[in-house]
Number of protein chains: 2
Amino acid sequence: MFSKACEYGIRATLFVAEQSAKGKRTGVKEIAKQTDSPEAFTAKILQTLVKSQILVSVKGPSGGFEIDKASLDKITLMNLVKAIDGDNIYNGCGLGLKECNSKHPCPVHDHFVSIRDDLKKMLSSTTLSQLINDLENGYTVLKR
Amino acid sequence: MFSKACEYGIRATLFVAEQSAKGKRTGVKEIAKQTDSPEAFTAKILQTLVKSQILVSVKGPSGGFEIDKASLDKITLMNLVKAIDGDNIYNGCGLGLKECNSKHPCPVHDHFVSIRDDLKKMLSSTTLSQLINDLENGYTVLKR
DNA sequence: AATATTTCGGACAAATATATCCTTTATTAA
DNA sequence: TTAATAAAGGATATATTTGTCCGAAATATT
C-alpha cells in the first residue's frame, strides 16, 4: 500500500503531533524510538516533511520537530502521503497503463473505481487531530 | 498498489485467458507484445504462474501458455495477486506494524478496515471470465 | 566567545525489485 | 534421428528503495 518511508513518516508525524498537542517539541532520537523506526532514515523523512511545510524544525539544543497546533486539524493523511509517496496512489492505473481512464479503461478500471474513491475520501478527510485523539486515549499505538 | 511484476502478470494472464477462450495457445513473445511488457521479465512471471498452477505451459514448437477453460471462472484476481505479490496486500498493517489488529490497532487500522475488506471482496470475486468478457467486447484494453 | 546540541545535506552502502541474457531441457516436425 | 522451437532455470545487470554515516550549519546554554 504505502512505502516504508511513508509508513515511518505517518508514524513519526503522529508522534510529533501528539507531543505538539501537549506543547512539547521532540527530536529524531525520541521519535525513532517511540515509533520503532530506523533513526537516520526517519531523519531524512522528517526533512521531507519540513520542506513540505507539514512539520516545523528547530535546530540546536532543545530543538527538534513540532507541528503548529492550528494545523492539527487541517493536515490530513492525504497531505502526508502526497508529500512522501506522491500522488500515484490515487491517480495511477491498477494495471500500470499510462492512458487508463473511464473512456479507455484497463480491465480492472471499473472494479477499482469505488475502492480508490473510498480510499481517497478516507485519506483526505482524516486529520491528525482525529488520529491523535485515539492515541492519547491509548486506544491506538504507534509501535509493535 | 501492486508491484510491476503483478501488473504484468495480470495483463499477461488476461491475454492468455482471452486466447485460451478462443482455443489458442500463445507464447512469451506474443504475450509481451500484446501487453506492452518486457519480454524476459514477463517470462519469469509466467514461470511463477505455472508453478502456482494458474497457467499451463507446453514446451517446444507450437508450445506456449494456456489456461484450462474450466478454470476461467474459478481463477480470481486474488489468486493472481497472491501468487505474485503474496498476501501482504490484505493481511499487512497500513502503517507496517507487526501486531496490528482490532484488539491492538495502529492509528489507521479502523479507517482502513472497510476499504481493505472491499478490496479483498472485489479481488476474490472477480474472475478471469468476467474480465475477458469486457476485453473481447473491446470495452477494455491491455496496453497504452 | 566557546561548547554542546540538534537539524541539514550530501555521499555512500545494502537490500530489494526490475530486467536481461544465455544455457539447458522438452517437444514437435521434418 | 536431426533440427528447430519454445519454456525453464540460473547467472548477471540495472534501478529503486531503504538505510547509514559524517561534516556543515544553526542555535541555545554556559
Side-chain angles (χ1 to χ4, degrees), chain A residues 1-13 15-16 19-20 24-33 35-67 81 83-86 88-89 92 95-96, chain B residues 1-13 15-16 19-20 24-33 35-67 81 83-86 88-89 92 95-96:
Chain A
M1 186 97 238
F2 301 133
S3 68
K4 280 287 165 198
C6 197
E7 291 177 359
Y8 298 147
I10 294 173
R11 277 148 60 182
T13 302
F15 180 69
V16 172
Q19 297 304 304
S20 288
K24 290 182 190 167
R25 185 184 289 160
T26 175
V28 180
K29 211 161 201 164
E30 182 70 5
I31 296 168
K33 184 183 282 180
T35 59
D36 207 19
S37 305
E39 190 177 316
F41 193 38
T42 298
K44 287 291 179 207
I45 300 161
L46 290 169
Q47 281 183 41
T48 302
L49 292 169
V50 169
K51 276 188 205 145
S52 307
Q53 304 190 316
I54 288 169
L55 301 182
V56 174
S57 69
V58 178
K59 286 183 183 176
S62 84
F65 298 86
E66 60 191 21
I67 297 188
V81 173
I84 302 170
D85 279 351
N88 208 44
I89 192 170
L95 295 188
Chain B
M1 185 98 238
F2 302 133
S3 67
K4 280 287 165 199
C6 198
E7 292 177 359
Y8 298 149
I10 294 173
R11 278 147 61 181
T13 302
F15 180 69
V16 172
Q19 298 304 302
S20 288
K24 290 182 189 167
R25 186 183 289 161
T26 177
V28 180
K29 211 161 201 161
E30 182 70 5
I31 295 168
K33 182 182 284 179
T35 59
D36 208 19
S37 306
E39 189 177 317
F41 194 39
T42 299
K44 288 292 181 205
I45 300 161
L46 290 169
Q47 281 183 40
T48 302
L49 292 169
V50 169
K51 277 190 205 145
S52 307
Q53 305 190 315
I54 287 169
L55 301 181
V56 174
S57 69
V58 177
K59 286 183 182 178
S62 85
F65 298 86
E66 60 191 24
I67 296 189
V81 173
I84 302 171
D85 278 352
N88 209 44
I89 192 170
L95 296 188

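Below, chains carry the letters A, B, ... as their sequence lines are ordered, and counting in each starts from 1.
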Could you say whether A:Pro61 or A:Ala43 is positioned toward the 5' end of DNA chain C, judged by the nucleotide with the nearest heavy atom to each?
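Taking each residue's closest nucleotide, the earlier one in sequence belongs to A:Pro61.
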Does a side-chain N or O from B:Tyr8 land closer than 4.0 Å to OP1 or OP2 of C:dT18, or not?
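It does not, given that no N or O in the side chain of B:Tyr8 lies less than 4.0 Å from OP1 or OP2 of C:dT18.
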Mind calculating the distance between [atom1] ([X]) and [atom2] ([N]) to the nearest angstrom?
X	N	atom1	atom2	result
B:Glu66	D:dA7	CD	P	12 Å
B:Ile45	C:dA19	CD1	P	8 Å
B:Glu7	C:dT18	CD	P	9 Å
B:Lys44	D:dG10	NZ	C1'	7 Å
B:Gln47	C:dT23	CD	P	17 Å
A:Lys33	C:dT6	NZ	P	13 Å
B:Phe41	C:dT16	CZ	C1'	11 Å
B:Ile84	C:dA17	CD1	C1'	14 Å

I want to verify a distance call: between [options], whose nearest atom is closest to the [X] side chain?
X	options	answer
B:Ser57	D:dA7, C:dC8, C:dT18	D:dA7
A:Lys59	D:dT18, D:dA26, C:dG9	D:dA26
A:Lys51	C:dG9, C:dT18, C:dC21	C:dG9
B:Ser62	C:dT28, C:dT7, D:dG9	C:dT28

Would you indicate whether the side-chain heavy atoms of B:Thr48 and B:Ile54 approach each other to under 4.5 Å?
no
Flag if over 12 foreign heavy atoms under 6.0 Å of CD, A:Glu39:
yes
State which residues pass side-chain hydrogen bond (donor to acceptor under 3.5 Å, both in side chains) with A:Thr35; sequence neighbours excluded, sorted by chain then number.
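If we apply the side-chain hydrogen bond (donor to acceptor under 3.5 Å, both in side chains) test to A:Thr35, skipping adjacent residues, the hits are A:Ser37.
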Are A:Lys4 and A:Glu7 close enough for a salt bridge, meaning some N to O gap below 4.0 Å?
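Salt bridge: yes.
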Of A:Gly60 and A:Cys6, the one whose closest nucleotide on DNA chain D sits nearer the 5' end is A:Cys6
Point-to-point distance, once rounded to the nearest 0.5 Å, from CZ of A:Phe65 to CG of A:Leu55:
7.0 Å
